[in-house]
Amino acid sequence: MVDKLEMPKKKISKKYLEVEKLWVFIVLMCVSGFYGAYTYCIRGGVFSNAQTANLVLFSMAIGSGDWSRAAYLLIPMSAYLLGAIISEYVYEPMRKLKLIHWETLLIFIEIGAVIFLGLLPESAPYEIAQVTINFISSMRLNTFRRAQEIPMATTFCTNHIRQLGNNIVHFVRYKDKRYFKVSLVHFKMLFAFIVGGIFGTILSAKYLGRSIFITLIPLTIVFIRLLIVDLKTEKDDFDIVPGGH
């Protein structure tokens, strides 16, 4: 069943902030696709965007009595947990400061993390890149929650696949074009992730760890746009809370 909030309304009265615009989510989803390919191809053969796989491996390690492996898996999961805690804790104080939105600062932090990873020597432990992306992905997942009225995730694809299927069925069943439009939104997010994964695979094979520098281009575009909006067109809109918060 498609959630009621999943459906865009015919008449939109609410003012949406730039951080809620679909283009921002699509760009960030593409970057996440790159991260997934990057960590899998050259940073230990893992996907660091989400933690479901790590929880499964953690359970298997405990079940098989591999306590050192279980202890190790607590590191990325703890990094993910910490990212969620920090992003949730700082959100409201940042909004009350009325300088820039937390979303803008987060993208700046992510840019710094990418530069850090790109400068790491190839001999550096894979865990450094994995935990860094765990942390960043968790903060981003907890921060960018809705593109206008549509619940979104910018770090993994599972919910987008589910919502794509649900909305296709509802469009066929009810002939309501709004369901088709929502289907296209989720399809665009999935396509962006795939594009990012393709570039991540190709560039990682050619440039190894330095390949992650390419993500600075989309991230910088998002950061500059959000910063300009914060300082100019939305400087009086800090009392508007983005959807999902």
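We use all heavy atoms of the structure for the numbers below, so side chains are in, but hydrogens, waters and symmetry mates are not.
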S.K.: In the structure I gave you, are the side-chain heavy atoms of Pro242 and Arg146 within less than 4.5 Å of one another anywhere?
M.R.: no
S.K.: Just verifying a value: how many Å separate Leu57 CG and Ile62 CD1, rounded to the nearest 0.5 Å?
M.R.: 11.5 Å
S.K.: Run the side-chain donor-acceptor check on residues 76-88: report pairs under 3.5 Å with partners two or more places apart or on a different chain.
M.R.:
residue : atom : partner : partner atom : Å
Ser78   : OG   : Leu74   : O            : 2.6
Tyr80   : OH   : Asn49   : O            : 2.7
Ser87   : OG   : Gly83   : O            : 3.0
Ser87   : OG   : Ala84   : O            : 3.0
Ser87   : OG   : Asn142  : ND2          : 2.9
Glu88   : OE1  : Asn142  : ND2          : 3.0
Glu88   : OE1  : Arg145  : NH2          : 2.7

S.K.: Using a 3.5 Å distance criterion without hydrogens, assess whether the side chain of Asp230 forms a donor-acceptor pair with backbone atoms of His101.
M.R.: yes
S.K.: Stepwise, does the side chain to side chain contact (heavy atoms under 4.5 Å, CB included) test hold for Arg69 with Leu73?
M.R.: CA-CA 6 Å; Arg69 176 64 171 167; Leu73 288 166; 4.1 Å; yes
S.K.: For the backbone of Phe238 and the side chain of Arg95, can you confirm whether one donor and one acceptor N or O come within less than 3.5 Å of each other?
M.R.: yes
S.K.: Counting only heavy atoms from other residues, nucleotides and ligands, does the tally under 6.0 Å from CZ of Phe171 exceed 12?
M.R.: yes
S.K.: Show every side-chain hydrogen bond (donor to acceptor under 3.5 Å, both in side chains) that has at least one partner inside residues 233-245, sequence neighbours left out.
M.R.: Lys15-Asp237
S.K.: Are the side chain of Ser138 and the backbone N or O of Phe135 linked by a donor-acceptor pair below 3.5 Å?
M.R.: no
S.K.: Can you name the ring pair (Phe, Tyr, Trp, His ring centres under 6.0 Å) partners of Phe58, sequence neighbours left out?
M.R.: none
S.K.: Are more than 12 heavy atoms from other residues, nucleotides or ligands located less than 6.0 Å from atom CG of Leu141?
M.R.: yes
S.K.: Can you tell me how far the CD atom of Gln130 sits from the CG atom of Asn54, to the nearest 0.5 Å?
M.R.: 8.0 Å
S.K.: Measure the spacing between CG of Asn159 and CZ of Arg162 and express it to the nearest 0.5 Å.
M.R.: 5.0 Å
S.K.: Can you find a heavy atom in the side chain of Met189 that is under 4.5 Å from one in the side chain of His160?
M.R.: yes
S.K.: Indicate yes or no for a side-chain donor-acceptor contact from Thr215 to the backbone of Ile212 under 3.5 Å, with no hydrogens or angles considered.
M.R.: yes
S.K.: Is any side-chain heavy atom of Arg225 less than 4.5 Å from a side-chain heavy atom of Ile221?
M.R.: no
S.K.: Evaluate Tyr35 against Val114 for side chain to side chain contact (heavy atoms under 4.5 Å, CB included), listing each step before the verdict.
M.R.: CA-CA 10 Å; Tyr35 289 163; Val114 166; 3.4 Å; yes
S.K.: Return yes if a side-chain donor-acceptor contact under 3.5 Å exists between Arg140 and Thr155, otherwise no.
M.R.: no
S.K.: Just by distance, do the side chain of Thr104 and the backbone of Ile100 share a donor-acceptor pair under 3.5 Å?
M.R.: no
S.K.: Given side chains that start at C-beta, do those of Phe144 and Leu28 come closer than 4.5 Å, heavy atoms only?
M.R.: yes
S.K.: Just by modelled atom types, is the Gly209 backbone N or O under 3.5 Å from a matching donor or acceptor in the Glu122 side chain?
M.R.: yes
S.K.: Between the side chain of Thr39 and the main-chain N/O of Gly36, is any donor-acceptor distance below 3.5 Å?
M.R.: yes
S.K.: As a quick check of understanding, evaluate side chain to side chain contact (heavy atoms under 4.5 Å, CB included) for Trp23 and Val222, giving each step before the final call.
M.R.: CA-CA 9 Å; Trp23 77 270; Val222 173; 3.8 Å; yes
S.K.: Just verifying a value: how many Å separate Ile111 CD1 and Leu219 CG, rounded to the nearest 0.5 Å?
M.R.: 5.5 Å
S.K.: Check whether Glu20 reaches the backbone of Gly243 with its side chain - one donor and one acceptor, N or O, closer than 3.5 Å.
M.R.: yes
S.K.: Near Phe191 CZ, under 6.0 Å, is it more than 12 heavy atoms from other residues, nucleotides or ligands?
M.R.: no
S.K.: According to a 4.5 Å side-chain heavy-atom criterion applied to Ile, Leu, Val, Met, Phe, Trp and Tyr, with indirect links allowed, do Val131 and Phe116 form part of one hydrophobic cluster?
M.R.: no
S.K.: Taking Phe199 as the starting point, is it possible to reach Leu117 by hopping between hydrophobic residues whose side chains are less than 4.5 Å apart?
M.R.: yes
S.K.: Once you round to the nearest 0.5 Å, how far does CG of Leu55 lie from CE of Met60?
M.R.: 13.0 Å
S.K.: Could you tell me how the ring of His170 sits relative to the ring of Tyr179: parallel (under 30°), tilted (30 to 60°) or perpendicular (over 60°)?
M.R.: tilted
S.K.: Can you find a heavy atom in the side chain of Met139 that is under 4.5 Å from one in the side chain of Trp102?
M.R.: yes
S.K.: I'd like to know if the side chain of Thr132 pairs up with that of Asn134 as donor and acceptor (distance under 3.5 Å, no hydrogens or angles considered).
M.R.: no
S.K.: Answer whether the closest heavy-atom distance between the side chains of Glu127 and Arg43 falls below 4.5 Å.
M.R.: no
S.K.: Step by step, would you call Phe108 with Phe223 a ring-ring contact (aromatic ring centres under 6.0 Å, His included)?
M.R.: CA-CA 6 Å; Phe108 181 74; Phe223 172 71; 5.4 Å; yes
S.K.: Going by heavy atoms in the side chains, are Val19 and Leu226 under 4.5 Å from each other?
M.R.: yes
S.K.: Would you say Arg210's side chain and Leu120's backbone share a donor-acceptor pair under 3.5 angstrom?
M.R.: yes
S.K.: Start with the C-alpha distance between Met29 and Lys188, add both sets of side-chain angles, then the distance that settles side chain to side chain contact (heavy atoms under 4.5 Å, CB included), and finish with yes or no.
M.R.: CA-CA 10 Å; Met29 190 67 163; Lys188 289 175 182 178; over 6 Å; no
S.K.: Could you pull out the closest heavy-atom pair between Ala61 and Ala70, with the gap in Å?
M.R.: CB-N, 3.7 Å
S.K.: Is any side-chain heavy atom of Phe193 closer than 4.5 Å to one of Ser32?
M.R.: yes
S.K.: Looking at SG of Cys30 and CD1 of Ile198, how far apart are the two atoms once the value is rounded to the nearest 0.5 Å?
M.R.: 9.5 Å
